[in-house]
Every structure is written in structure tokens, then in C-alpha cells.
Amino acid sequence: MSALGGALIGLSASLLMLSHGRIAGISGIVGGLLETRSKDRDWRLAFVLGLVAGGVALLFAYPTAFAVDIHRNSVVVVAAGLLVGFGARLGSGCTSGHGVCGISRFSRRSLVATATFMTTGAITTLVYSLVAGGAS
């Protein structure tokens, strides 16, 4: 299932690059939707709706893919999500834009950003595990 998801991400990123000459960074696509003077809202909206529709289709076709137990405090989960958003804004892109599309284009900036994301995530997980008493 993961390999299929990865292949579909690569296919969609390639199709967006070939059809619109744009990089499939989700934070940039969603950010463009929030801009009031954006001239390219149609393809951005279609891309986001396609992501949601794909998730809904997977939910009906393979519901166990969503059977995830999260044993974390809701406040921690919300704070983590906000930090990810802040990091994506600070890094001028998210893991999909830098990690999937940027590295495949041999972008030095994306390589540095992705290494920073991965290193920061590993350090955060280690510190949280030590402070909270385990990673489960």
C-alpha cells in the first residue's frame, strides 16, 4: 500500500509539473488557495479536492488503513500540527515540496530543508520520549 501511495504521489507531482509547470508542495498549494488575488485557484482547488477524494476513496476501499491508535494528549497533537505548519512556512515549503519534488530536481535548498526536517523530527522524538517516558 505504501509503494502504491508513493507511486501516486510521484505521478501526481509529475503531472502537475508537466501540465502547469508547478511544484506539488502542498503547503504552497493550500497557501495559494488562501490568497484572495490568486489567479490560479482552479488547479489548486482541484488538487486539494483530489487529495481529499483519494483519502475518502481509500477509507471506503481499505478502512483498516485508517485504524491508528494515537495515545497522545490532544493538546500535544494540536501543538505538533501548529509547529509543523510554522516550520513549513519558515522553510518556504513542506516535506512534500522539498522532500519529494525538490530533491528529485536536485535542489540544494530542498536537500538542506529535508535534512533539517528529518534531523529536527528525530531530535524532537528523542527528547519527547525522554521527557514523556517512552515513544508509545
*Positive for side chain to side chain contact (heavy atoms under 4.5 Å, CB included) with Ile123, one of Thr125, Thr120, Val127*: Val127

*Take Arg44 and Val30 through the side chain to side chain contact (heavy atoms under 4.5 Å, CB included) test and state the conclusion after the steps.*
CA-CA 7 Å; Arg44 291 174 189 270; Val30 172; over 6 Å; no

*When clusters are formed by joining ILVMFWY residues with side-chain heavy atoms under 4.5 Å apart, either directly or through shared neighbours, do Leu51 and Ile29 land in the same one?*
yes

*Please confirm whether the backbone N or O of Ser110 pairs with a side-chain atom of Ser107, one donor and one acceptor, at under 3.5 Å?*
yes

*Rounded to the nearest 0.5 Å, what separation is found between the CG atom of Leu11 and the CG atom of Leu4?*
10.5 Å

_To the nearest 0.5 Å, what is the distance between CG on Leu83 and CG on Leu90?_
11.0 Å

*When rounded to the nearest 0.5 angstrom, what is the spacing between CG in Leu15 and NE2 in His20?*
11.0 Å

*Side chains of His98 and Arg109: does their closest heavy-atom pair fall under 4.5 Å?*
yes

*In the single-linkage hydrophobic clustering (I, L, V, M, F, W, Y; side-chain heavy atoms under 4.5 Å), do Tyr62 and Phe60 co-cluster?*
no

*Indicate the atoms forming the closest heavy-atom contact of Gly25 with Cys94, along with that distance.*
C-SG, 4.3 Å

*Minimum heavy-atom distance between Leu16 and Phe47, given as atom pair plus value*: CD2-CE1, 4.1 Å

*Heavy-atom closest contact (Tyr128 atom, Val76 atom, distance)*: OH-CG1, 4.0 Å

*asked:* Test of understanding: clusters of I, L, V, M, F, W, Y form through side-chain heavy atoms closer than 4.5 Å, transitively. Do Phe117 and Ile103 belong to the same one?
replied: no

*asked:* Just so I know, are the side chains of Phe106 and Leu111 near enough to count as touching, which here means a heavy-atom distance under 4.5 Å?
replied: no

*asked:* For Arg89, is the CZ atom crowded, meaning more than 12 foreign heavy atoms sit under 6.0 Å from it?
replied: no

_Would you say CG of Asp42 has more than 12 non-hydrogen atoms from neighbouring residues, nucleotides or ligands within 6.0 angstrom?_
no

*Around Phe86, counting heavy atoms of other residues, nucleotides and ligands shown, do more than 12 lie under 6.0 Å from its CZ?*
no

*Main-chain N/O of Ile9 paired to Ser12 side chain as donor or acceptor, under 3.5 Å*: yes

*Minimum heavy-atom distance between Cys101 and Ala13, given as atom pair plus value*: SG-CB, 3.8 Å

*side chain to side chain contact (heavy atoms under 4.5 Å, CB included) evaluation trace for Met17 with Arg105*: CA-CA 11 Å; Met17 178 62 80; Arg105 295 179 317 120; 3.9 Å; yes

_Taking Leu49 as the starting point, is it possible to reach Leu33 by hopping between hydrophobic residues whose side chains are less than 4.5 Å apart?_
yes

